[in-house]
J.: 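Structure provided below as structure tokens; questions to follow.
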Amino acid sequence: QVQLVESGGGLVQAGGSLRLSCAASGRTFSDYAMGWFRQAPGMEREFVATISWSGRSSDYADSVKGRFTISRDNAKNTVYLRMNSVKPEDTAVYYCASTTTSWGLKSPDEYPYWGQGTQVTVSS
């Protein structure tokens with residue numbers, strides 16, 4: 001079991017940057033691959049980024065490639081999402097999620113553990 005708590009969301013202007021954090025507690029954080037997802041009003045939850053247990057491998061949705069960076073610090077039991085050059089389309093509730101199954105998973109159904117979400121609003 002792992003508990004996840006996101007933070008770092010807020011209001012940011014288009015073109016700006018912010019960093020989301022996901023603090024994990026529970027059993028052996030380094031054994032978990034992590035993912036970031038987001039959900040805009042009226043939309044399905046969608047994949048944003050994923051990172052392997054070691055942090056050496058990562059993948060991103062096409063919509064955020066080149067702008068967002070996922071990273072993790074296993075010593076701090078924390079995963080991050082650095083968001084650069086944000087767009088109004090990035091406005092959503094952002095969730096971190098974890099799984100012991102694999103890394104690189106892109107479906108929400110493949111992640112059994114979720115945080116409560118943090119709101120990111122990008123103004124034009």
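Side chains are part of it too, since the values below use all heavy atoms of this structure and drop only hydrogens, waters and symmetry mates.
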J.: Could you see if Leu20 belongs to whatever hydrophobic cluster contains Tyr60? Use Ile, Leu, Val, Met, Phe, Trp, Tyr and a side-chain cutoff under 4.5 Å.
T.: yes
J.: How would you list, by chain and number, every residue that makes a salt bridge (charged side-chain N to carboxylate O under 4.0 Å, His left out) with Asp109, sequence neighbours excluded?
T.: none
J.: Kindly give the heavy-atom pair with the smallest separation between Trp103 and Asp59, and that separation in Å.
T.: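 Distance-wise, the nearest heavy atoms are CZ3-N, 4.0 Å.
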J.: Who passes ring-ring contact (aromatic ring centres under 6.0 Å, His included) against Phe68, sequence neighbours left out?
T.: none
J.: Determine which pairs satisfy disulfide bond (SG atoms under 2.5 Å apart) with at least one residue from residues 42-80, sequence neighbours left out, and list them in order.
T.: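 Every pair satisfying disulfide bond (SG atoms under 2.5 Å apart) with a residue in residues 42-80: there are none.
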J.: Is there a path of hydrophobic side-chain contacts, each under 4.5 Å between heavy atoms of I/L/V/M/F/W/Y residues, joining Val86 to Val48?
T.: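 Val48 and Val86: one cluster.
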J.: Going by the side chain to side chain donor-acceptor pair (under 3.5 Å) test, which pairs reach into residues 7-19, not counting sequence neighbours?
T.: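 Matches after skipping sequence neighbours: Ser17-Asn84.
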J.: Which residues pass the ring-ring contact (aromatic ring centres under 6.0 Å, His included) test with Phe47, not counting sequence neighbours?
T.: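 Listed in chain order: Phe37.
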J.: Residues in salt bridge (charged side-chain N to carboxylate O under 4.0 Å, His left out) with Lys87, at least two apart?
T.: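 Lys87 satisfies salt bridge (charged side-chain N to carboxylate O under 4.0 Å, His left out) with no other residue.
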J.: Identify, with sequence neighbours excluded, every residue that meets side chain to side chain donor-acceptor pair (under 3.5 Å) alongside Gln3.
T.: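 Gln3 satisfies side chain to side chain donor-acceptor pair (under 3.5 Å) with Ser25 only.
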J.: Taking only residues two or more places apart in sequence, or in another chain, which ones meet Ser71 in a side chain to side chain contact (heavy atoms under 4.5 Å, CB included)?
T.: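 Partners of Ser71 by the side chain to side chain contact (heavy atoms under 4.5 Å, CB included) criterion, ordered by chain and then number, come out as Tyr80.
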J.: Over all heavy atoms of both residues, which pair between Ala49 and Leu81 is shortest? Give the atoms and the distance, please.
T.: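 In terms of heavy atoms, the two residues are closest at CB-CD1, 4.2 Å.
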J.: Salt bridge (charged side-chain N to carboxylate O under 4.0 Å, His left out) with Glu46: which residues, sequence neighbours excluded?
T.: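 Partners of Glu46 under the salt bridge (charged side-chain N to carboxylate O under 4.0 Å, His left out) test: Arg38.
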J.: Quick check: do Cys22 and Met34 have side-chain heavy atoms less than 4.5 Å from each other?
T.: yes
J.: Does Arg45 count as lying over the ring of Trp114, i.e. NZ or CZ under 6.0 Å from the six-ring centre, within 45 degrees of the axis?
T.: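 That pair qualifies as a cation-pi contact.
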J.: List the residues meeting side chain to side chain contact (heavy atoms under 4.5 Å, CB included) with Thr100, not counting sequence neighbours, and say none if there are none.
T.: Tyr32
J.: Tell me, please, which residues at least two apart from Arg67 pass salt bridge (charged side-chain N to carboxylate O under 4.0 Å, His left out).
T.: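 By the salt bridge (charged side-chain N to carboxylate O under 4.0 Å, His left out) rule, Arg67 matches Asp90.
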J.: My understanding is that only residues two or more places apart in sequence, or in another chain, count here; which of them pass side chain to side chain contact (heavy atoms under 4.5 Å, CB included) with Val93?
T.: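 In terms of side chain to side chain contact (heavy atoms under 4.5 Å, CB included), with neighbours along the sequence ignored, Val93 is linked to Tyr95, Gln119.
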